[in-house]
Amino acid sequence: MNAASGSAIAREMRVDADEIAERKAFLRLGEDDAASLRAVHAAIGAQGRHGFSDAFYAALRSRPALAALLRDDATVARLKAAHERYFRELTAGEYGTDYVARRLEVGVTHARIGLEPKWYVGAFREYLSGMVDTLWTHSGGRREQFVPAFDALLKVALFDLGLTLDTYIHADKRRIALRDRAIESSVNGVFIADAGQPCYPLIYVNPAFERVLGSTAGTIVGKPCICRDEVADGYAEIRRAIAHGTEGNTVLRLRRADGERRWIELFLAPVRSEAGAVTHFVGVLNDVTDRKDAEARLSHLANHDPLTGLPNRNLLHDRLAHAITRRGEGLNAVLFLDLDRFKLINDSYGHDVGDELLRAVAARLQHCLRAGDTVARLGGDEFVVLLEDLPSVDAAAAIAGKIASRLSVPVTVGERELPLAASVGIALHPRDGADPQTLLKHADTAMYRAKEAGRGGFCFFAGDMNAQALQRLTLENDLRRALDNGELEVFYQAQVALVDGRLTGAEALVRWRHPEKGLVPPAVFIPVAEETGLIVSLGEQVLRAACHQLATWQRQGLPRLTVAVNLSPRQFRQPDLVDRVAAILAETGADPGWLELEITESAAMQHAEETIRALRRLREMGVSLAIDDFGTGYSSLSYLKRFPIDKLKIDRSFVQGVPDNGDDAAIVQAIIAMARSLGLALLAEGVESAAQRDFLQAQGCAVAQGWLFGRAVPAAAFERDHLAGHGA
Ligand SMILES: Nc1nc2c(ncn2[C@@H]2O[C@H](COP(=O)(O)O[C@H]3[C@@H](O)[C@H](n4cnc5c(=O)[nH]c(N)nc54)O[C@@H]3COP(=O)(O)O)[C@@H](O)[C@H]2O)c(=O)[nH]1
């Protein structure tokens, strides 16, 4: 209770004039009593002037419990002043509303400082006893004077005592009422459950509790607080707290009265009797559904790929770590997937199409796996599948095969049918690693091996792959240096007319003169260059060198010959390829009519329409065009007819089989017939024997290239071997 004025307290306690009159009447405190006291007032007042208060408070402070309350000298000084005032008023004979108000104020002050009624009553006795002697002396030992005065003093003292004790009761009531109103006004749901009954029935719930759970107190008070068979998540913590009589808190998924499921955070604490026994539980609860939803959204964002909704690297990592620690008999397989040629699709058709393709891949992967398997996207076109507790290596292979096969079916995006293929690398736990990083790294390494082995397949990790990966990295670094240091050289291999062995042209073939390793064959470094993108600058160096060379041969007055330069698929996909070729021709002064550009059949078919446009522009510049490795891809004849090309180069894998291998012979014959019907020139690659040469010539192939006519050699050797006597 705060320091309210006595009259305000009186109003609150309803101690008005009528109440005062009733109290006085019951005590028989009347005017004659007032007169008796007024008669002794002066004598008693004199007693108060002689250090009565000091002695009184010294007596009070001698009791340890009171000394603790009266430790503060300022408070004691204030109390003494009030006490002396009271002393003056007690026998003054005025016991109306002002007097009452002051008494109530004193009671409130006592209650506020924590002076319990027992101390107050005891102290009051001390106070009164001190007056008896004064009264007796003042009466001069006359009973008829002493008794009325003492009786009047007793009545006033009891009148005061009653008022003061009522202020204590009122202060308690007020405190309890405030607590009740605070609990009722709380925004947190509050309940009290009876700890002495089975299932701890609710005995009180506040309005916020009703709002949170959508039920009225009438329907839930008396109902069990913790259901006997409740096993839902979160209840265990509450059961534990109840069993140990301790505090507990948890978050529960509860169903509101209207059926809606909400997340409720609950704090529970035991309420103990004075003897320490748990008699009740008090609980505070809140609806934390919005917070939980936000947390769930954040956690989803942190753990999932926004494009496909699949788990991301984080979550994969967690699941993989969990799978590793789980003790099981089976194997865990990490499948690292990379889409073949995805970048090409993305670059050619735009990111929207690329995104659509990735979503389709995600859906296919999920479709062909069990619910317990994890499909994650790491970014770009990299996906990882985690298969837990597999019975055997074969099971991993079977699933990898299934994935590769499902991902080999083209995806339709809008009106486009996009070719699809994925290379899959597999690492097994525990065989290939004991932690997520190692397993992922090894699966990645195996994936590269799968890619090298031919796209659209899968490959298990093998112990020596890391060494190979390192070798490959070294090769890549060396190649970068080689490009800067001019370690690449262009060799030339002769192309001859079969009818008379006359030189018709040369193929420019790159060689790498490695400072330590010597001559490195292109089959070793071209795939690395292609994968890393270095092929673009490598290809340009070769084209520039070949154009310089042919410009030199032109200036030497040689009869016209074509110099064929390979264009890698990646180079061919460069949007400014045609401008680059034109710039190199201009820079070197080479005659475009002497230049032939070779693109592989598969590169040409990948983007047939774009290919046609690029080839047309090159053709318009006067450059001739050849399809390399013909027969190894799956050319669409309709496209082939539309390609503005001049020549087909029969792949050496077919040439090698002729004339003995019937299949190869049939293929070579079919290619020759096709070229003839399309009006295209022909060249057979890889002719090593006279028998091959004769067969090809007999079938109508006019020009060939191969070791039979000469290996690829530096320009000077080529001039010596093939151009001597022709002006070089
Ligand atoms: N993008 C570029 N690719 C290039 C470039 N230079 C070469 N390459 C490609 O590298 C692959 C291997 O080339 P290489 O080792 O030079 O092999 C070529 C010939 O040496 C070889 N050949 C020629 N005759 C014979 C023969 O009788 N037998 C036999 N076993 N091999 C022979 O064939 C290769 C030429 O192939 P192709 O280009 O398909 O005509 C190879 O794929 C090259 O294309 C470059 O500058 N850029």
Side-chain angles (χ1 to χ4, degrees), residues 452 479 482-483 487-496 498 504-513 518-550 562-574 577 580-581 584 595-604 625-633 647-658 664 671 682-693 695-696 701 703-715 717-718 721-722:
E452 280 166 11
L479 187 56
L483 283 165
E487 291 170 20
L488 299 177
E489 285 177 27
V490 179
F491 280 29
Y492 296 88
Q493 185 178 31
Q495 299 175 335
V496 299
L498 290 180
T504 61
E507 181 175 1
L509 292 162
V510 69
R511 296 289 182 266
W512 177 7
R513 206 172 286 281
L519 219 51
V520 182
V524 172
F525 64 87
I526 290 286
V528 177
E530 178 72 27
E531 241 164 61
T532 52
L534 290 173
I535 193 74
V536 174
S537 62
L538 182 153
E540 258 188 48
Q541 283 196 11
V542 172
L543 180 62
R544 185 169 287 107
C547 286
H548 269 301
Q549 189 56 62
L550 73 83
T562 53
V563 174
V565 177
N566 288 283
L567 279 187
S568 87
R570 199 143 178 171
Q571 248 183 306
F572 192 65
R573 289 199 305 267
Q574 288 217 287
L577 168 77
R580 282 168 183 259
V581 172
I584 290 173
L595 178 66
E596 182 175 81
L597 293 177
E598 294 184 6
I599 58 166
T600 61
E601 185 185 7
S602 46
L625 303 161
I627 298 284
D628 201 3
D629 303 341
F630 192 76
T632 55
K647 189 184 283 178
L648 294 183
K649 290 185 78 177
I650 307 171
D651 190 65
R652 88 168 169 265
S653 59
F654 306 119
V655 172
Q656 267 163 6
V658 298
D664 286 346
I671 295 174
L682 263 176
L683 181 147
E685 296 183 295
V687 178
E688 293 180 5
S689 69
Q692 290 167 342
R693 178 198 60 201
F695 173 85
L696 290 162
C701 175
V703 182
Q705 169 184 350
W707 295 345
L708 183 66
F709 314 107
R711 297 209 176 215
V713 288
F718 185 82
D721 297 348
H722 300 284

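Computed over heavy atoms, backbone and side chain alike; hydrogens, waters and symmetry mates excluded. Order of appearance sets the numbers: ligands from 1, and atoms from 1 within every ligand. The model shown is predicted, which means the values in this text are computed figures rather than measured ones.
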(message) Yes or no: does K649 have any heavy atom under 4.0 Å from an atom of ligand 1?
(response)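 Yes.
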(message) Below 3.5 Å, N or O to N or O, backbone or side chain included: is there any such pair between D629 and ligand 1?
(response) yes
(message) Protein heavy atoms near atom 24 (N) of ligand 1, is at least one of them under 4.0 angstrom away?
(response) yes
(request) Please identify which atoms of ligand 1 are closer than 4.0 Å to at least one heavy atom of D628. (result)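 Taking each heavy atom of D628 in turn, ligand 1 has 37 (P), 38 (O), 39 (O), 40 (O) under 4.0 Å.
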(request) Check whether any N or O atom of Q571, backbone or side chain, sits under 3.5 Å from an N or O atom of ligand 1, and answer yes or no. (result)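 It does not: no N or O of Q571 is found under 3.5 Å from an N or O of ligand 1.
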(message) For a 4.5 angstrom cut-off between non-hydrogen side-chain atoms, does L498 reach F709?
(response)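 Result yes, sub-4.5 Å side-chain heavy-atom pair found.
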(message) Is it the case that the side chains of Q493 and E507 hold a donor-acceptor pair, with the cut-off being a distance below 3.5 Å and no angle test?
(response) no
(request) Evaluate the side-chain proximity of V510 to I526: yes if any heavy-atom separation is below 4.5 Å, no if none is. (result)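 They are in side-chain contact.
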(message) Is the shortest side-chain heavy-atom distance between L708 and R693 below 4.5 Å?
(response)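 L708 reaches R693 side chain to side chain.
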(message) As a test of the contact definition, would atom 42 (O) of ligand 1 count as having a protein heavy-atom neighbour under 4.0 Å?
(response)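 Answer no: nothing from the protein, no heavy atom, is under 4.0 Å.
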(request) Looking only at protein heavy atoms, identify the closest one to atom 30 (N) of ligand 1 and say how far it is in Å. (result) E688 OE2, 3.2 Å
(request) Could you tell me whether L708 and ligand 1 have an N or O pair separated by under 3.5 Å? (result)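 N/O-N/O distance below 3.5 Å does not exist for this pair.
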(message) Could you tell me, atom by atom, which parts of ligand 1 come under 4.0 Å of a heavy atom of V542?
(response) 46 (O)
(message) Measuring only between side-chain heavy atoms, which start at C-beta, is Q656 closer than 4.5 Å to D664?
(response)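 No, their side chains stay 4.5 Å or more apart.
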(request) Around atom 21 (C) of ligand 1, find the nearest protein heavy atom and jot down its residue, atom name and distance. (result)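 The answer is R652 NH1, 3.5 Å.
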(request) For atom 7 (C) of ligand 1, find the nearest protein heavy atom and state the residue, atom name and distance (0.1 Å precision). (result)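 In this structure, atom 7 (C) of ligand 1 has L509 CD2, 3.6 Å as its nearest protein heavy atom.
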(request) Answer whether the closest heavy-atom distance between the side chains of L595 and V565 falls below 4.5 Å. (result) yes
(message) Show me which atoms of ligand 1 lie under 4.0 Å from any heavy atom of S568.
(response)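 With S568 as reference, the close atoms of ligand 1 come out as 1 (N).
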(request) Pick out which of K649, E685, R652 makes a side chain to side chain donor-acceptor pair (under 3.5 Å) with Q705. (result) K649
(message) Would you say that L567 contacts D628 through its side chain, given a criterion of any heavy-atom pair below 4.5 Å between the two side chains?
(response)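 L567 does not reach D628 side chain to side chain.
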(message) With the threshold set at under 4.0 angstrom, would you say R511 reaches ligand 1 through any of its heavy atoms?
(response) yes
(message) Give the atom numbers and elements of ligand 1 that come within less than 4.0 Å of a heavy atom of E685.
(response)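 Matching atoms, with element in brackets: 36 (O), 37 (P), 39 (O), 40 (O).
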(request) Classify the angle between the aromatic ring planes of F525 and W512 as parallel (below 30°), tilted (30 to 60°) or perpendicular (above 60°). (result) perpendicular
(message) Quick check on atom 32 (C) of ligand 1 - does any protein heavy atom sit closer than 4.0 Å to it?
(response)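 True for atom 32 (C) of ligand 1.
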(message) Residue-level breakdown please: for Q705 versus ligand 1, do any non-hydrogen atoms fall below 4.0 Å on the side chain, on the backbone, on both, or on neither?
(response)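 Neither; no heavy atom under 4.0 Å.
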(request) Would you mind reporting whether Y492 and H722 have side-chain heavy atoms less than 4.5 Å apart? (result)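 A side-chain contact under 4.5 Å is absent here.
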